[in-house]
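Take a look at the structure below.
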Amino acid sequence: MNSEVKRAGKIFQILKEEYPNAKPALNYKSPFELLIATILSAQCTDERVNIVTEKLFKKYKKPEDYIKVKNEELEKDIFSTGFYKQKAKSIKNCCSELIKKYEGKVPADFQALTKLPGVGRKTASVVAGNAFGIPSIAVDTHVVRLSNLLGFVDSNDPKKIEIKLKELLPEELWIVSSHLLMNHGRKVCIARRPRCEECIILNYCPSKYKNKVVK
DNA sequence: CTCCCGATAT
DNA sequence: ATATCAGGAG
């Protein structure tokens with residue numbers, strides 16, 4: 001086992017102690033709700049998505065419910081998450097696909113998820129991992145940022161980062177590792193201004209007090 | 001690489 | 001007032 005792997009192991013061990021209850025920040029009660037919430041979370045904070053989905057999930061229960069309303073109505077209901085026209089289309093098309101191909105159920109398969117409208121690698125990983133327990137690493141902007149700052153990678157390509165993290169970590173840590181990095185990224189290693197003073201893994205961070213994302 | 005867009009920190 | 005945040009599709 002190389003030193004890179006050991007270092008990563010140490011970092012995630014500390015993060016696990018710091019965030020013992022690390023879980024998705026999105027609120028959901030089913031794979032379907034998680035799928036919708038994650039589509040909405042593109043370029044939007046999880047916090048804001050939760051505000052929107054609180055009402056949304058009371059009104060829309062099944063894929064059919066999203067299809068039968070007019071575009072403008074769905075757009076209004078998801079407005080504040082931004083990119084609402086795109087997202088409304090994605091959600092509607094996605095729901096049609098679910099009905100057509102999967103009897104209205106969310107497929108428990110990464111590749112199948114990726115093919116759904118509005119669902120890219122990150123969303124597919126979130127759903128596969130958190131709704132179905134399939135080992136996956138969701139690489140969102142926090143994971144990209146922290147992976148670079150912590151020196152795991154020198155790249156902004158989410159797929160490369162995902163592959164690298166999978167090499168670095170044992171499979172049972174994959175799902176939780178995303179949550180840990182997202183948690184830490186949101187609370188301490190904040191994009192706008194990293195709180196290096198309060199960072200628990202500062203000693204393992206090559207970017208400490210740099211306040212600037214590498215590359 | 002550009003477009004899609006509102007919310008919020010500074 | 002405005003820079004920055006936050007993924008997917010074409």
Side-chain angles (χ1 to χ4, degrees), chain A residues 24-28 32-56 66 71-98 106-107 109-131 136-149 153 155-165 175 177-198 207 210-215:
Chain A
L26 293 171
N27 297 143
Y28 64 97
F32 180 59
E33 284 193 357
L34 180 60
L35 176 63
I36 299 296
T38 312
I39 291 174
L40 291 176
S41 79
Q43 298 291 98
C44 178
T45 61
D46 290 353
E47 201 185 348
R48 167 119 320 258
V49 173
N50 286 335
I51 294 171
V52 168
T53 54
E54 192 183 337
K55 282 176 257 170
L56 192 75
Y66 289 95
N71 277 34
E72 301 78 57
E73 186 173 347
L74 183 54
E75 285 169 13
K76 256 188 76 185
D77 290 333
I78 64 172
F79 180 81
S80 73
T81 63
F83 299 128
Y84 54 89
K85 286 188 179 172
Q86 299 281 66
K87 288 178 184 175
K89 271 181 211 151
S90 293
I91 290 173
K92 278 176 159 275
N93 292 335
C94 184
C95 286
S96 302
E97 288 283 294
L98 290 181
V106 180
D109 176 87
F110 177 82
Q111 292 303 333
L113 285 164
T114 308
K115 289 180 188 117
L116 294 169
V119 179
R121 239 190 138 73
K122 181 252 181 177
T123 301
S125 293
V126 167
V127 174
N130 299 295
S136 325
I137 297 185
V139 179
D140 73 343
T141 184
H142 297 292
V143 177
V144 171
R145 192 175 70 258
L146 289 246
S147 294
N148 279 282
L149 289 170
V153 294
S155 163
N156 286 321
D157 178 356
K159 184 165 180 188
K160 274 188 193 161
I161 295 170
E162 183 188 324
I163 291 168
K164 183 66 182 182
L165 289 175
I175 296 171
S177 69
S178 306
H179 302 151
L180 292 171
L181 291 177
M182 291 180 202
N183 244 291
H184 194 64
R186 224 178 278 120
K187 289 192 168 68
V188 181
C189 196
I190 301 162
R192 290 183 208 248
R193 192 174 79 71
R195 313 289 205 247
C196 292
E197 333 71 69
E198 354 178 327
S207 314
K210 268 214 252 174
N211 273 33
K212 191 82 187 140
V213 178
V214 185
K215 248 186 146 187

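Lettering follows sequence order; numbering is per chain, from 1.
The backbone N or O of A/Ala25 lies less than 3.5 Å from a partner atom in the side chain of A/Asn50, making a donor-acceptor pair.
One atom, CZ of A/Arg193, and another, C1' of B/dT8, lie 15 Å apart when rounded to the nearest Å. Atom CE in A/Met182 sits roughly 17 Å away from atom P in C/dC5 (whole-Å rounding). Between the CD atom of A/Glu47 and the C1' atom of B/dG6 there is a distance of 14 Å, given to the nearest Å. As a whole-Å value, the separation of A/Asn50 CG from B/dT8 C1' is 17 Å. One can place CZ of A/Arg186 at 19 Å from P of B/dA7, the figure rounded to the nearest angstrom. With rounding to whole Å, A/Ile51 atom CD1 is found 12 Å from B/dG6 atom C1'.
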Check against side chain to side chain donor-acceptor pair (under 3.5 Å), A/Asn93 and A/Lys89
CA-CA 6 Å; A/Asn93 292 335; A/Lys89 271 181 211 151; over 6 Å; no
Nucleotide N/O to protein N/O under 3.5 Å, stretch nucleotides 1-3 of chain C:
none

Review item, nucleotides 7-10 of chain C N/O atoms under 3.5 Å of protein N/O:
{"from": "C/dG7", "atom 1": "OP1", "to": "A/Lys122", "atom 2": "NZ", "distance (Å)": "3.0"}
{"from": "C/dG7", "atom 1": "OP2", "to": "A/Thr141", "atom 2": "N", "distance (Å)": "3.1"}
{"from": "C/dG7", "atom 1": "O5'", "to": "A/Gln43", "atom 2": "N", "distance (Å)": "3.3"}
{"from": "C/dG7", "atom 1": "O4'", "to": "A/Gln43", "atom 2": "N", "distance (Å)": "3.4"}
{"from": "C/dG7", "atom 1": "N7", "to": "A/Gln43", "atom 2": "OE1", "distance (Å)": "2.9"}
{"from": "C/dG8", "atom 1": "OP1", "to": "A/Gly120", "atom 2": "N", "distance (Å)": "3.3"}
{"from": "C/dG8", "atom 1": "OP1", "to": "A/Thr123", "atom 2": "N", "distance (Å)": "2.9"}
{"from": "C/dG8", "atom 1": "OP1", "to": "A/Thr123", "atom 2": "OG1", "distance (Å)": "2.5"}
{"from": "C/dA9", "atom 1": "OP1", "to": "A/Gly118", "atom 2": "N", "distance (Å)": "2.6"}
{"from": "C/dA9", "atom 1": "OP1", "to": "A/Val119", "atom 2": "N", "distance (Å)": "3.2"}

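Atom P of C/dA6 sits at a distance of 13 Å from the matching atom of B/dT10, rounded to the whole Å. B/dG6 and C/dG10 have their C1' atoms separated by 22 Å, with the value rounded to a whole Å. For the P atoms, the distance linking B/dC5 with C/dT4 amounts to 22 Å, nearest Å.
Under the side chain to side chain contact (heavy atoms under 4.5 Å, CB included) criterion, A/Arg48 pairs with A/Cys44, A/Thr45, A/Ile51, A/Ser80, not counting sequence neighbours. Here A/Glu75 pairs with nothing under the side-chain hydrogen bond (donor to acceptor under 3.5 Å, both in side chains) rule; sequence neighbours left out. Applying the side-chain hydrogen bond (donor to acceptor under 3.5 Å, both in side chains) rule to A/Lys122 yields the partners A/Ser41; only residues at least two apart in sequence or on another chain are considered. Taking A/Phe32 as the reference, A/Tyr66 meet the ring-ring contact (aromatic ring centres under 6.0 Å, His included) condition, with sequence neighbours excluded. Scored by the ring-ring contact (aromatic ring centres under 6.0 Å, His included) test, A/Tyr84 finds A/Phe79 as partners (sequence neighbours excluded). When the side-chain hydrogen bond (donor to acceptor under 3.5 Å, both in side chains) test is applied to A/Gln43, no partner is found at least two apart in sequence or on another chain. Taking the salt bridge (charged side-chain N to carboxylate O under 4.0 Å, His left out) definition, one finds that A/Lys92 meets it with nothing, sequence neighbours left out.
Within 4.0 Å (heavy atoms only), A/Lys85 reaches sugar-phosphate atoms of the nucleic acid but no base atom.
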